[in-house]
Protein chains: 2
Amino acid sequence: MIRRLTTSRVETLEDELERQVLDGRFTPGEHLGEIALAEEFDVGRNTLRAAFDGLVRRGLLVKSRNRGVFVRALTAHDLAEIYELRTALEVQASRILAGRRSVPDAARSAYAHHHRLGPRSSQRVVVEADLAFHRALVVGTGNARLTRAHKTLEIEILLCLAQLVQGYASVGQLAGEHDALLEAIERGDQTEAEAVIRRHLENATLWLIEHATAPDEPLYTLGRAAPIESRDLG
Amino acid sequence: MIRRLTTSRVETLEDELERQVLDGRFTPGEHLGEIALAEEFDVGRNTLRAAFDGLVRRGLLVKSRNRGVFVRALTAHDLAEIYELRTALEVQASRILAGRRSVPDAARSAYAHHHRLGPRSSQRVVVEADLAFHRALVVGTGNARLTRAHKTLEIEILLCLAQLVQGYASVGQLAGEHDALLEAIERGDQTEAEAVIRRHLENATLWLIEHATAPDEPLYTLGRAAPIESRDLG
DNA sequence: GACCTAGGATTGTGCTACAATCTGCTTCAG
DNA sequence: CTGAAGCAGATTGTAGCACAATCCTAGGTC
């Protein structure tokens, strides 16, 4: 794989903004002004706008013509949508892997790492370990498009966790289900693998929605209201 | 649903470029120069670049730093990837619909429209009718993210058809399988619905790959070679 | 209280300038 | 003749300005 030696200003900015949004620097629905931010990051307005575009397409921001971009405010409904799509992707990945009877090495080590975590680990670490396991399954298929779609979802999941859910399922519960999945894949049992991952994600959905703090409607901030519709998710 | 009254220049340009690429104005791998195209469409370089960005993220173009954008050259491998992802999405959609025992009205009328086509219909019409049926299923779930992902794939499928497959499966074959799917959804039989759509798409994949003209490697045009890697699909 | 209007603020778009980088050609050593 | 090094031209990357288009708010009128 060929890698570029330099990264463009836009990409750097995009990553930095993503980090700040996921870290909760901005409140959900907050308006991001071009001029102030371009000045803060010391980039041109063009560059900032390009970075905005990227984050809009990744679902972290929403854009409203002539009003600017806003931090996406997610709802329990979004959570449900995200997990439906996630289920679609991971079911397919599990079936593909089971069809080959091959558990990716990365998935095995991600499983071990996750399983090793104790109850004292921070939520951040647990979440990342859990996601890493699931990611490894998808990446293991070798399908770049499947992987890209999953990556987009991961980011949205992190945004959900930042905005409307605190806490996370216990390591023990998750690891048990992960184990069952790996076992089914190893046996080449596609039907069972699908059933296991489906149940696993359904459990996760129920848990998350139950622990979601926000109602079904987004929380608007004072001042400018977040837009109703964005072009790419409408 | 709220719609904007005006469309931005970037969006217009993006749609126009998409149309031209799918219509085969450019050859796969062809380099698109900023200055010439900005002049042709009578827009600023900024605007054109924004449109490029959109098409890159939609997978129609690939971008290479300091070299510009190129028309994406698809291969049989891409075709396989696309259909794996498509299967993931449509399986999930079928299951959701079967879980509700509800066939969307749009799917029913799309089915009727497609079924009504004769052997004299142009390929373009048949393809669009077939896609419309599948699209209706996904849209019918009401999941905007599922829908968005599917829409992206539709565009890539059209690009595949333009670049490396001629012809299309017969209406009779497809309609029969569509009918079986609707029937399973109506009965609320999730397992059967999944099995039917899986088989249907697998058949389609095999047919397409068999009829693909290009080998597994992309065809490069003379002059500037298309880039190896793009950021979003790497 | 509902509606209309003016003003201020922000984004949308085009243009120019210059830096960064890639590509291809020329040159030169072996 | 082959291949590496370096130079020159062309294209993209980024910043900054100017002005048009649009939106939001506030204030006034009925």
Side-chain angles (χ1 to χ4, degrees), chain A residues 2-17 26 29-57 61-71 220-232, chain B residues 2-17 26 29-57 61-71 220-232:
Chain A
I2 295 179
R3 291 203 83 77
R4 270 194 302 280
L5 288 87
T6 66
T7 53
S8 80
R9 208 100 188 235
V10 172
E11 288 173 22
T12 310
L13 188 56
E14 208 174 308
D15 292 344
E16 177 61 20
L17 272 172
F26 309 103
E30 180 172 344
H31 175 248
L32 304 188
E34 287 187 354
I35 300 158
L37 277 180
E39 197 167 315
E40 171 181 336
F41 288 108
D42 196 36
V43 297
R45 253 177 79 207
N46 290 338
T47 308
L48 183 67
R49 285 164 73 78
F52 276 169
D53 264 13
L55 294 177
V56 166
R57 300 202 198 242
L61 305 177
V62 290
K63 193 170 196 168
S64 175
R65 190 155 143 75
N66 289 312
R67 298 209 301 140
V69 304
F70 303 80
V71 176
Y220 291 123
T221 51
L222 276 52
R224 281 186 130 152
I228 306 293
E229 181 209 31
S230 81
R231 177 165 197 244
D232 288 284
Chain B
I2 296 178
R3 291 202 83 76
R4 270 193 302 280
L5 289 87
T6 67
T7 53
S8 79
R9 209 99 188 239
V10 172
E11 288 174 20
T12 309
L13 187 57
E14 209 174 308
D15 292 344
E16 177 61 20
L17 271 173
F26 309 102
E30 181 173 343
H31 175 249
L32 304 187
E34 288 186 354
I35 300 157
L37 277 180
E39 199 168 312
E40 171 181 336
F41 289 107
D42 197 36
V43 296
R45 253 178 78 207
N46 290 338
T47 308
L48 182 67
R49 286 164 71 79
F52 276 170
D53 264 13
L55 294 178
V56 166
R57 299 200 198 244
L61 304 178
V62 290
K63 193 169 198 171
S64 176
R65 190 155 145 76
N66 288 311
R67 298 210 302 142
V69 304
F70 303 80
V71 175
Y220 291 123
T221 51
L222 276 50
R224 280 186 131 153
I228 306 294
E229 180 210 32
S230 82
R231 178 166 197 242
D232 288 285

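Order of the sequence lines fixes the chain letters, A, B, ..., with proteins taken first and strands second; residue numbering starts at 1 for each chain.
A heavy-atom distance below 4.5 Å is not found between the side chains of A:Thr47 and A:Phe41. Looking at A:Lys63 and A:Asp53, their side chains come closer than 4.5 Å, going by heavy atoms from C-beta outward. Using a 4.5 Å heavy-atom cutoff, the side chains of B:Val71 and B:Leu61 are in contact.
For the side-chain hydrogen bond (donor to acceptor under 3.5 Å, both in side chains) test, residues two or more places apart in sequence or in another chain that qualify with B:Arg49 are B:Glu34.
Scanning both residues, B:Val56 and B:Val69, for their nearest heavy atoms gives CG2-CG1, 4.5 Å. Contact detail for B:Ala51 and B:Val10: the closest heavy-atom pair is N-CG1, 3.9 Å. In plain terms, the two heavy atoms of A:Gly29 and A:Phe70 that are nearest each other are O-CD2, 3.5 Å.
Rounded to whole Å, the distance from CD on B:Glu11 to C1' on C:dT13 is 14 Å. Regarding A:Glu39, its CD atom lies at a distance of 13 Å from the P atom of C:dT11, rounded to whole Å. Atom CZ in B:Arg65 sits about 22 Å away from atom P in D:dA10, given to the nearest Å. The nearest whole Å value for the distance from the NZ atom in B:Lys63 to the P atom in C:dC22 is 15 Å. One can place CG of B:Asn66 at 9 Å from P of D:dT12, the figure rounded to the nearest angstrom. Counting to the nearest Å, the P atom of D:dA15 and the CD1 atom of A:Ile35 are 15 Å from each other. Residue B:Arg9 contributes atom CZ, which lies 9 Å from atom C1' of C:dG14 at whole-angstrom precision. Between the CG atom of B:Leu13 and the P atom of C:dG12 there is a distance of 15 Å, given to the nearest Å.
If you check C:dC22, D:dT22, D:dT12 against the side chain of B:Arg67, the one that comes closest is C:dC22.
Residues from residues 44-55 of chain A placing a heavy atom under 4.0 Å of any atom in DNA chain C, listed by number, are A:Arg45, A:Arg49.
Remark: B:His31 is not in phosphate contact with D:dT11, judged by side-chain N or O atoms under 4.0 Å from OP1 or OP2.
Of the two residues near DNA chain D, B:Leu32 and A:Asp42, the one whose nearest nucleotide lies more 5' is B:Leu32.
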